[in-house]
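Input: a single structure, listed below in structure tokens.
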Amino acid sequence: MTLRLHNTLTGTKDVFEPLEPNHVRMYTCGPTVWTFAHVGNLRAFLFYDLVRRHLRVSGYRLTHVLNLTDIDDRILDQAMHAGTTIEEFVKPYAEAFLEDMDLLRAERAEVYPRATEHIPEMVGMIATLIEHDYAYAADGDVYFRIASFPRYGALSHLDRAGLKAGARVATDKYDKESVSDFALWKKAHPEDEKLGAAWDAPFGLGRPGWHIECSAMSKRYLGETLDIHAGGIDLMFPHHENEIAQSEAANHKTFSRVWLHSEFLADATGEKMSKSAGEFTTLRDLVAAGHDPLAVRFFLIANAHYRSRVRLSDEALHAAGEQVRRLREFSDRVKRTPPAEHDDAQLAEKTAQVRAGYREALDDDLNLPLGMGLVFDLVRDANTALDAERVGPQNKAQLLALLDDVDAHLDVLRVDEPGLAEEVERLIAEREEARRARDFARADQIREDLKRRGIALEDSKDGVRWRRITEAARS
Ligand SMILES: [Zn+2]
């Protein structure tokens, strides 16, 4: 089986192969933590999760970096109004982002770098760009000189002739050689230092522009060439064009071999949802309105292909919740029904076909909706066979294996036991106690017991963390 992904750069579905065999380096643009993530952004973040999961299903080891933008104009404005520093201001929103991701069962990325913790890398890259004439200082700011990078616009297939006239790249009032040059470094305002938002650089006290952070942080954690760079379609221009220009001008290497873009959520007229139209819905709003976060998850990843627009509505979320319920009921039913004496040959054949078809759909540019269509069709047939008591032991095993495949992407079938988190935390504390008392047998036993229950422990520098593991990884 071959994985094909739609690469925005080529405009075609290309066979995916990472640079280093079996290891994928992926960078995804994360949230600006000035407020709660809205559901349009969540669609992009869950798209990253789908890519992650399918790469792992495909057998790859993955290093996935998702950045948090913790400095920009909005954050500065809000922090100033709140009378606090930017660091204090963003803290609850950065936490809320990870909470939302957990509620939506998005797997954790390997690294969540923050812009303000990587200023030296950005300053270094800007210095290189100035040195080689790709960037210039103007009145304390530093701008990237678009004219110095002839490939600018290749990703979004821009007409460069129209670029200067039409593009709104920088809105600053400083001198620039052309209107489409964009800021790499912004001169500090008098109040920025008080907000904790000004850093020293050879080109003056200031702060980085938004675009340079992704170029600098991706290089720091993933090297000069990425296998995959993903983001929402609204970031393609100018943000991703600017990332390419910065990185390729500084490194003289291809920045990302594959670019993936997810479409946005549409409003009733098919246009992008916008805050000004009062459509700035957060996960909290949806949960408060009675929607299960997993229905939201299903809606955002399985309802429509990631490259088509989809309209959020109460009805659509209810329908998604209904599909999750059907799938769960089916899974429970298959598990608890005692097998019939003989297997149903027709059902066996269809299940095998659907299992292969599901995998093919995912390998074909992550077409989860197509795969789910096949699965729900089989669920209907299998329910009929269960009604007639025709589901034998092999049928059962096959159906459960298919559901495992499906849940590797969907992750809506496992049920959180009430009080599980507290119990795991208690057992982790008990294990720590046992280790301190050098009772390693007891400590190992606790780890093994948890593993059997689908919980893996990871010792990290911040203490012991736990995560859920799949059925197959338990034994
Ligand atoms: Zn970015």
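Ligands are counted one by one from 1 in listed order, and the atoms in each one are counted from 1 as well.
- Contact annotation: His240 places no N, O or S atom under 2.8 Å from the Zn ion (ligand 1).
- The distance between the ring centers of Tyr306 and His6 does not fall below 6.0 angstrom.
- The aromatic rings of Phe45 and Tyr48 are tilted relative to each other, their planes meeting at an angle between 30° and 60°.
- Here the side chain of Asp70 pairs no donor or acceptor atom with the backbone of Arg114 at under 3.5 angstrom.
- When the Zn ion (ligand 1) is compared with the N/O/S atoms of Glu243, atom OE2 turns out nearest.
- For the side-chain contact (heavy atoms from CB on, under 4.5 Å) with Phe299, the qualifying choice from Leu312, Val39, Leu286, Val324 is Leu312, the only one to do so.
- Put simply, Cys214 gets within reach of the Zn ion (ligand 1), with an N, O or S atom under 2.8 Å from it.
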